[in-house]
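The structure appears below as C-alpha cells.
Convention: sequence-line order gives letters A, B, ...; per-chain numbering from 1. Computed from a predicted model, the values in this text were never measured in an experiment.
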2 protein chains.
Amino acid sequence: MTSDGTVGKALEVLDQVAAFGRPVRFSEVLARSDFPKPTLYRFLQTLTNQDMLAYDPDRQTYSPGIRLVRLAHAAWEQSTLAPIARPHIDALSAAVGETVHLAQLDHAQVLYIDKRNANNPVQMFSQAGKVGPAYCTGVGKVMLAFSDPARIDAVIDQQSFHRFTPTTLTDARTLRDELTAIRANGYGFDREEHEPGIICIAMPILSDAGRVLGALSVTSTTGRTNLAGLESYVPILSDTAAAIARDAQNWSFPDHDTKEATGR
Amino acid sequence: MTSDGTVGKALEVLDQVAAFGRPVRFSEVLARSDFPKPTLYRFLQTLTNQDMLAYDPDRQTYSPGIRLVRLAHAAWEQSTLAPIARPHIDALSAAVGETVHLAQLDHAQVLYIDKRNANNPVQMFSQAGKVGPAYCTGVGKVMLAFSDPARIDAVIDQQSFHRFTPTTLTDARTLRDELTAIRANGYGFDREEHEPGIICIAMPILSDAGRVLGALSVTSTTGRTNLAGLESYVPILSDTAAAIARDAQNWSFPDHDTKEATGR
DNA sequence: AACTAAGTTTCACATAATGAAACCTTGTTG
DNA sequence: CAACAAGGTTTCATTATGTGAAACTTAGTT
C-alpha cells in the first residue's frame with residue numbers, strides 16, 4: 001500500500017516536490033526524502049522529461065510541471081462535480097451576491113473544486129485545486145458529518161487541529177460533537193474558525209443513497225452579516241444541493257450524440 | 001526518449017485515458033493502446049490506487065483523478081505566469097471591459113493559463129487548463145511568431161490545419177507568411193479563424209532576451225467591434241505585457257518565510 | 001446449457017530499477 | 001591558487017520489478 005512499485009515511488013517524489021510550494025533544489029528534496037541520492041535523482045529526471053516537473057536550469061530548481069495543468073483540466077471536467085454544478089452555482093451566486101464555494105473531500109482534506117466571487121466570475125485554478133483543512137471549514141465539517149463512521153474516524157485521525165483563530169475546534173471530541181449537531185441540523189457553519197472575520201454556511205450535497213458527493217458554502221464577513229443572516233440562505237442552498245445531486249445521478253457523458261463543436 | 005522506463009509508460013497510459021475526454025472502459029483503452037492486456041491492466045490499477053485515475057465501479061470506467069487537480073494547483077502557482085500576471089490582467093480586463101486570456105505554449109499547443117470574463121460574458125470554449133490549436137488562435141500565432149526558427153518548424157510540423165471557419169489558415173505557407181507579418185507588427189489578430197464571430201488581438205510577452213514567456217489577448221465579437229477597434233488596445237496591451245515580463249524576471253519565491261497551511 | 005466478450009490472475013522470464021561508490025564541477029577558504 | 005567542500009552526476013554489479021502469454025473467472029448473451 002505504501003508503494004505501487006516504481007510508479008508509486010515516482011509519484012511520491014512528485015508530491016514531495018509539490019509540497020514545498022515553491023521551486024526546490026535537488027538537495028532540499030533529498031533532505032526530506034527517504035530515497036538514496038541516485039534514485040531520487042533519476043526520478044526527478046524522469047518526471048522532468050515527462051513534463052510532470054519543470055526544471056529551471058538557472059536556479060537549478062524543480063517545480064510541478066505544466067503537463068499537470070493539462071491533465072487536471074480533464075480531471076476537473078470528468079471527475080468532479082464542477083461541470084454539473086456550474087449552472088446551479090452561477091444561479092446561487094447571483095441570488096445571494098456572496099462568495100460561493102464548491103468542495104469535495106479528498107482523503108482527509110477539503111479540495112476546492114470551484115468558486116464564484118460575486119464580482120469576478122470563473123477563475124479556475126486560482127482557487128480550484130486548493131486544499132484546506134477539514135476540521136475548521138464549513139464544507140469540511142459538513143462533508144465529514146455525513147460520511148460513514150469508518151471514514152470519519154480515519155479522517156479525524158489525520159487532522160492536525162492547528163488553532164487558526166480563537167474559535168477553531170482543536171480536538172477530536174469537540175469536532176465529533178459538532179459533527180453530531182450538523183447531522184441533526186442538516187447543515188453547518190464556519191464561525192470564524194479558520195480566518196477571523198470570515199463566516200460561512202455550508203450544505204452537504206448528498207446522493208439518494210445518502211452518500212456525500214460534495215458540499216456547497218456561502219461565505220461572508222462578520223462586518224456584513226452574521227450567522228442568523230447566513231441561515232436565511234438555507235432554503236436556496238438546500239434546493240441547489242438537491243439539484244446538483246439530482247443532476248449528478250442522472251448524468252452520463254454525451255455517449256455518442258456528441259456536439260463537441262468547440263474544437264480543440 | 002519514447003519511454004522513461006516504467007514511469008513513462010504509466011504516464012502514457014494516463015494521457016491516453018485523459019485524451020478520451022470522457023470516462024472509458026478498460027477495453028476501450030486497450031483498443032487504443034500498444035500495451036498488452038495485463039500490462040495495461042496493472043497500470044490502470046496502479047494509477048487508480050494513486051488517485052491519478054478515478055474508477056467508477058458501477059460503470060466500470062476510468063477517468064482522470066482528483067489528485068491531478070491538487071497537483072495542478074501547485075503547478076499553476078509555481079510554473080506558470082498566472083500568479084505574476086494576475087494583477088496586471090485584472091487591471092487590463094477592467095480597463096478594456098472585454099474577455100482577456102493569458103496563454104503559454106506547451107509543445108505544439110496553446111495552453112490557456114488564466115482568463116477574465118467581460119462584464120457581458122460571451123460563452124466561449126476557453127478555460128484555464130484547456131488547450132487549443134496554435135495555428136488559428138491569436139495567442140498561438142503570436143507566441144509562435146516570436147519563437148526561434150527551430151521551434152517554429154517543430155510546431156508547424158505538428159499542426160493539423162483543420163479548417164474551423166472560412167478564414168482559418170489551412171497550410172504551413174500561409175501560416176509562415178502570417179508569422180512574418182506578426183513579427184514585423186509586434187502583435188497579431190484572430191480574424192474569426194477559430195470561431196465565427198469571435199475576433200481577438202494578441203500580444204506576446206517577451207523577456208529582455210527576447211524569449212517568449214507567453215501571450216495575452218483581448219477577445220470580442222464582430223457584433224461589438226472590429227479589428228480596428230481592437231487595435232486601439234495595442235498601447236495598454238503592450239504596457240501590460242511589458243509589466244508582466246518585468247515582474248517575471250524579477251520574481252523569486254518568498255525564500256524563507258514559510259507559512260504553510262494558511263490555505264483558504 | 002452453451003457460448004462469448006470483458007475483465008482478472010498466474011508465473012517463468014527478461015528487463016529495468018537500485019544504490020554504494022566513484023566521479024565531476026563549481027564555489028569557497030586558508 | 002592549491003586544497004577543500006558541497007552539490008550534483010555517472011557507473012555498474014546486484015536484485016527486485018515489471019512483463020505478457022496463457023489460463024481462468026465472471027457477467028452477459030442467445
Subject >> salt bridge (Lys or Arg N to Asp or Glu O under 4.0 Å) contacts in which one or both residues fall within residues 140-161 of chain B, not counting sequence neighbours >> reply: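 Passing the test, one end in residues 140-161 of chain B: B:Lys141-B:Glu178, B:Lys141-B:Glu193, B:Asp153-B:Arg176.
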Original post:
Between A:Glu28 and A:Arg22, is there a salt bridge with N-O shorter than 4.0 Å?
Top reply: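 Salt bridge between A:Arg22 and A:Glu28, a charged N being under 4.0 Å from a carboxylate O: yes.
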Subject >> Pair A:Arg67 + B:Asp106, salt bridge at N-O below 4.0 Å >> reply: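 Salt bridge absent between A:Arg67 and B:Asp106.
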Original post:
If only side-chain N and O atoms of B:Tyr41 are considered, is one of them under 4.0 Å from the OP1 or OP2 phosphate oxygen of C:dG7?
Top reply: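 No, outside the criterion.
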**OP:** Considering just the side-chain nitrogens and oxygens of B:Arg25, establish if one lies under 4.0 Å of OP1 or OP2 belonging to C:dG7.
**Re:**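 For C:dG7, OP1 or OP2 has a side-chain N or O of B:Arg25 closer than 4.0 Å.
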In the structure I gave you, are the side-chain heavy atoms of [X] and [Y] within less than 4.5 Å of one another anywhere?
| X | Y | answer |
| --- | --- | --- |
| B:Phe146 | B:Ile182 | yes |
| A:Cys136 | A:Thr168 | yes |
| A:Leu14 | B:Leu71 | yes |

**OP:** Report the end-to-end axis angle of the helix from C:dA1-D:dT30 to C:dA22-D:dT9; each axis comes from five terminal pairs, and the value is rounded to 10°.
**Re:**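 End-to-end axis angle for the helix from C:dA1-D:dT30 to C:dA22-D:dT9: 40°, rounded to 10°.
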Original post:
What integer distance in Å separates B:Glu28:CD from C:dA5:P?
Top reply: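 Spelled out: CD on B:Glu28 to P on C:dA5 is 17 Å.
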Subject >> DNA chain D: 5'-most and 3'-most nucleotides touching chain A, 4.0 angstrom heavy-atom criterion >> reply: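 The footprint of chain A covers D:dG7 to D:dG18.
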Original post:
Under the 3.5 angstrom rule, does the side chain of A:Gln60 hit a backbone N or O of A:Asp56 as a donor-acceptor pair?
Top reply: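 Absent.
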Subject >> A:Tyr62-A:Phe26 aromatic ring centre distance below 6.0 Å >> reply: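 No.
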**OP:** Would you please name every residue forming a side-chain contact (heavy atoms from CB on, under 4.5 Å) with B:Thr80, sequence neighbours left out?
**Re:**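 B:Trp76, B:Ala82, B:Pro83, B:Gln104, B:Ile113.
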Original post:
In the 5'-to-3' direction, what one-character label does each nucleotide of nucleotides 14-28 of chain C receive under the scheme B = base within less than 4.0 Å of a protein heavy atom, S = sugar-phosphate only, - = no such atom?
Top reply: --SSBBBB-------
Subject >> side chain to side chain donor-acceptor pair (under 3.5 Å) pairs, two or more places apart, involving residues 31-40 of chain B >> reply: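 Found none.
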